[in-house]
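Since the structure is predicted, the reported quantities are computational estimates derived from the model, not experimental observations. Residue numbering restarts at 1 for every chain, and letters A, B, ... go by the order of the sequence lines.
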There are 2 protein chains.
Amino acid sequence: MKTTVNRYPECDYKGKTRALNDAMELLQGKWKVLIITVLCCRGRKRFTELQQEVEGISAKMLTRELQVLELNQLVQRTVCSTKPVTVQYEITPYGKTLEKIVLQLMDWGLGHRRRIMSATLSVSSLPDSSSLCVQPGS
Amino acid sequence: MKTTVNRYPECDYKGKTRALNDAMELLQGKWKVLIITVLCCRGRKRFTELQQEVEGISAKMLTRELQVLELNQLVQRTVCSTKPVTVQYEITPYGKTLEKIVLQLMDWGLGHRRRIMSATLSVSSLPDSSSLCVQPGS
DNA sequence: CTGTATCCCACTCGATACTG
DNA sequence: CAGTATCGAGTGGGATACAG
């Protein structure tokens with residue numbers, strides 16, 4: 001029983017894992033993909049609107065995450081010099097290139113919840129837990 | 001200048017963001033997607049082999065992450081009762097359903113690194129930094 | 001070989017109060 | 001309205017030593 005199969009031999013292995021790390025690091029954290037999704041699917045939003053649509057996020061976190069996304073060119077921030085200033089956030093065309101992947105992740109997550117729920121149902125019922133990733137502790 | 005576009009109206013918005021959270025939570029952390037990638041692209045591996053291929057991971061982390069992946073049915077663990085026991089880890093057919101998404105993320109990350117590098121090059125050169133996500137501090 | 005157990009630091013994130 | 005500042009709890013993850 002041999003273990004090393006290596007269907008895809010070397011082919012710049014280091015560069016590829018680094019690329020994966022880059023992508024994951026950028027999307028890491030509790031909020032960034034959600035913000036991206038909202039901006040992708042619901043269009044341009046003001047700060048407060050965003051905070052309402054991304055359920056549970058604090059102003060501090062929203063600010064910080066938006067800064068990262070803007071620095072990485074996924075989101076554009078526009079200040080409107082209205083009476084009290086308002087700020088518009090929108091996804092950039094470049095940010096849009098992530099939409100397809102995020103939507104796939106969403107679909108996968110839908111199926112995963114079904115799968116884990118039915119696998120766990122016999123033991124204990126997770127009614128509507130907002131998170132279901134099975135952890136060693138459980 | 002109206003902000004609410006709502007190209008995709010309601011359509012179970014809560015359920016979808018929850019699904020996205022499920023997926024992201026499962027993949028969260030420094031190592032899980034890397035482990036998945038290695039098992040997908042390089043085939044069945046023993047514990048020590050995995051630790052060598054996932055560069056920099058400690059035994060503790062590798063154990064913990066593999067447990068989560070196994071509990072979520074992405075990875076199968078098989079103990080071989082050899083002289084000193086050996087353990088085989090392999091991706092499950094279900095885990096394979098993530099491969100497509102992960103490979104897309106990898107591609108995206110490749111492009112992103114190029115983009116950020118060239119955008120930042122004029123200011124400071126990031127030679128071969130293992131991570132490049134642009135952060136507010138920089 | 002394949003893990004576990006501990007210790008520990010840094011960082012994430014929430015809560016709250018404050019500002020232009 | 002759109003943030004910033006500060007504090008503090010909890011956690012992710014590294015280092016090291018130990019175990020079956």
Please produce a list of atom pairs where a protein N or O lies less than 3.5 Å from an N or O of nucleotides 18-20 of chain D.
none

Show each protein N/O and nucleotides 12-16 of chain D N/O combination with a separation under 3.5 Å, one pair to a line.
unit_1  : atom_1 : unit_2 : atom_2 : d
dG13(D) : OP1    : K30(B) : N      : 2.9
dG14(D) : OP1    : K30(B) : NZ     : 2.9
dG14(D) : N7     : K60(B) : NZ     : 3.3
dG14(D) : O6     : K60(B) : NZ     : 2.0

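In this structure, the CG atom of L50(B) is 10 Å from the P atom of dT2(C), given to the nearest Å. The nearest whole Å value for the distance from the CG atom in L66(A) to the C1' atom in dC13(C) is 16 Å.
Position along DNA chain C of the nearest nucleotide to A59(A) versus P84(A) favours A59(A) as the more 5'-ward residue.
In this structure Q104(A) satisfies the side chain to side chain contact (heavy atoms under 4.5 Å, CB included) test together with K100(A), K100(B), I101(B), Q104(B), sequence neighbours excluded.
Q28(A) places a side-chain N or O within donor-acceptor distance of the main-chain N or O of G29(B), the cut-off being under 3.5 Å.
Residue Q67(A) places at least one side-chain N or O under 4.0 Å from the OP1 or OP2 atom of dT4(D). Note on Y89(A): every side-chain N or O is 4.0 Å or more away from OP1 and OP2 of dC1(D). Taking 4.0 angstrom as the limit, T86(A) places none of its side-chain polar atoms (N or O) nearer than this to OP1 or OP2 of dC1(D).
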Decide yes or no on side-chain contact (heavy atoms from CB on, under 4.5 Å) for H112(B) and C133(B), but give the supporting numbers first.
CA-CA 9 Å; H112(B) 188 61; C133(B) 176; over 6 Å; no
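Note that CD of Q135(A) and CG of N72(B) are 7.5 Å apart. Values are rounded to the nearest 0.5 Å.
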